Amino acid sequence: MKEKLIDLFEYTYHFNVEMIKVIAENRALVDDKTISLINHTLNAQQIWNARILGETTFEVWQMNPFESLVEINHTNFLKSIDIIRNFDPDQRIEYQNSRGTKFENTIFEMLFHAVNHSTYHRGQINSLLKQSGITPVLTDYIFYKR
């Protein structure tokens, strides 16, 4: 299971890089919602990693300097891989959501959610790119595996 999770985070990392690249190349055409969503996508992965590691989390809709997104994505990837390699995926973690409500989930559930969440928002970003006249990034998992 750990190798499959690593593969999913490699996929996530790869297409986050591609999204950041396309947005950077088309900054004049990209709207604020697109910038907000790419930030949110990266923030969410940081938040899930930090919840598992007991670290300080980003804010859900925090706007980061655009120039820092590549580094945030890379740091997120390395921390996610470290968690997969060094933690039991069945370990339960208690955490609070952004509203302060307490929950408990397994590390696997939290990590899988982070991957799924990223995929969802990349789809939204692709819709916004297309509306702005920018060719969307083909982000389907099967394209990555081919």
Side-chain angles (χ1 to χ4, degrees), residues 1 4-85 87 89 92-146:
M1 178 169 43
K4 295 294 183 190
L5 272 174
I6 289 171
D7 182 58
L8 290 172
F9 276 97
E10 288 171 343
Y11 156 74
T12 298
Y13 174 74
H14 172 79
F15 281 119
N16 284 346
V17 167
E18 292 301 310
M19 282 292 184
I20 294 166
K21 180 180 169 186
V22 167
I23 293 168
E25 291 170 351
N26 294 280
R27 281 299 295 275
L29 300 173
V30 172
D31 64 6
D32 290 343
K33 181 67 175 171
T34 303
I35 300 298
S36 177
L37 279 171
I38 192 63
N39 272 278
H40 173 69
T41 301
L42 300 179
N43 292 345
Q45 186 176 348
Q46 188 279 341
I47 289 166
W48 286 106
N49 284 340
R51 286 174 177 164
I52 294 167
L53 296 170
E55 297 177 353
T56 302
T57 65
F58 284 6
E59 295 296 321
V60 174
W61 291 101
Q62 168 179 317
M63 292 298 289
N64 305 294
F66 190 82
E67 304 75 37
S68 70
L69 298 184
V70 169
E71 182 59 32
I72 291 169
N73 185 46
H74 189 250
T75 300
N76 284 346
F77 172 70
L78 294 176
K79 286 194 176 199
S80 294
I81 298 303
D82 185 59
I83 290 166
I84 293 165
R85 288 192 173 135
F87 287 77
R92 299 190 70 77
I93 303 286
E94 187 176 295
Y95 62 93
Q96 291 183 14
N97 69 5
S98 59
R99 294 185 181 116
T101 307
K102 288 186 179 181
F103 294 96
E104 183 177 291
N105 289 94
T106 67
I107 289 174
F108 174 83
E109 291 165 343
M110 296 165 84
L111 291 176
F112 186 78
H113 171 75
V115 169
N116 193 53
H117 183 266
S118 295
T119 302
Y120 173 78
H121 286 304
R122 283 192 303 272
Q124 288 182 308
I125 292 167
N126 264 335
S127 291
L128 292 170
L129 292 175
K130 189 172 184 176
Q131 289 172 20
S132 297
I134 302 162
T135 303
V137 179
L138 297 176
T139 60
D140 290 333
Y141 179 75
I142 200 67
F143 296 137
Y144 172 72
K145 293 311 287 184
R146 288 179 184 161

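Remember, it's a predicted structure, so these values are computed and weren't measured experimentally. The figures here come from the full heavy-atom set of this structure, side chains too, leaving out hydrogens, waters and symmetry mates.
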Distance from [X] atom [atom1] to [Y] atom [atom2], nearest 0.5 Å?
X     : Y     : atom1 : atom2 : value
Ser80 : Leu53 : OG    : CG    : 8.5 Å
Ile52 : Ile47 : CD1   : CD1   : 12.5 Å
Asn43 : Gln62 : CG    : CD    : 5.0 Å
Ile23 : Leu69 : CD1   : CG    : 8.0 Å
Ile93 : Trp48 : CD1   : CH2   : 11.0 Å
Asn16 : Ile38 : CG    : CD1   : 5.5 Å

Listing request: all salt bridge (charged side-chain N to carboxylate O under 4.0 Å, His left out) pairs with a residue in [range], at least two apart in sequence or in separate chains.
range            : value
residues 26-55   : Glu55-Lys79
residues 108-131 : none
residues 62-77   : none

Nearest heavy-atom pair of [X] and [Y]: which atoms, and what distance?
X      : Y      : answer
Ile83  : Leu111 : CG2-CD1, 4.0 Å
Leu128 : Leu37  : CD1-CD1, 3.6 Å
Ile134 : Asn26  : CD1-CB, 3.5 Å
Val60  : Ser98  : CG2-CB, 3.7 Å
Pro89  : Met1   : CG-CE, 3.7 Å
Thr56  : Gln46  : O-NE2, 3.1 Å

Modelled atom types, side-chain donor and acceptor of Gln124 and Asn126, under 3.5 Å =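 No donor-acceptor contact under 3.5 Å links the two side chains.
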
Compute whether any side-chain donor of one residue and acceptor of the other, for Asp82 and Asn49, lie under 3.5 angstrom apart.
->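 No donor-acceptor contact under 3.5 Å links the two side chains.
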
For Thr135 and Leu129, run side chain to side chain contact (heavy atoms under 4.5 Å, CB included): C-alpha distance rounded to whole Å, both residues' side-chain angles, the deciding distance at 0.1 Å, then the answer.
-> CA-CA 7 Å; Thr135 303; Leu129 292 175; over 6 Å; no

Does the side chain of Thr119 come within less than 4.5 Å of Tyr11's, by heavy atoms?
->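 A side-chain contact under 4.5 Å exists here.
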
Under a 4.5 Å cut-off applied to non-hydrogen side-chain atoms, are Val30 and Ile35 in contact?
->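 Side chain of Val30 against side chain of Ile35, heavy atoms only: contact under 4.5 Å found.
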
Inter- and intrachain pairs under ring pair (Phe, Tyr, Trp, His ring centres under 6.0 Å), touching residues 50-71, at least two apart =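 Non-adjacent pairs meeting ring pair (Phe, Tyr, Trp, His ring centres under 6.0 Å): His40-Trp61.
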
Ring center gap for Tyr13 and Phe9 short of 6.0 angstrom |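 No, too far apart.
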
Residues that Lys102 engages under side chain to side chain contact (heavy atoms under 4.5 Å, CB included), provided they are two or more places apart |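 Lys102: side chain to side chain contact (heavy atoms under 4.5 Å, CB included) contacts with Glu94, Gln96.
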
Between His121 and His117, what is the ring plane arrangement, given parallel below 30°, perpendicular above 60°, and tilted in between?
->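 Aromatic pair His121/His117 classed perpendicular.
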
Show me, pair by pair, the donor-acceptor contacts under 3.5 angstrom made by side chains of residues 136-146, not counting sequence neighbours?
from   : atom 1 : to   : atom 2 : distance (Å)
Tyr141 : OH     : Asp7 : OD2    : 2.2
Lys145 : NZ     : Asp7 : OD1    : 3.0

Candidate pair Glu104 and Tyr95, rule side chain to side chain contact (heavy atoms under 4.5 Å, CB included), full reasoning = CA-CA 6 Å; Glu104 183 177 291; Tyr95 62 93; 5.8 Å; no

Ile81/Phe77 under side chain to side chain contact (heavy atoms under 4.5 Å, CB included): CA gap, chis, key distance, verdict = CA-CA 6 Å; Ile81 298 303; Phe77 172 70; 3.6 Å; yes

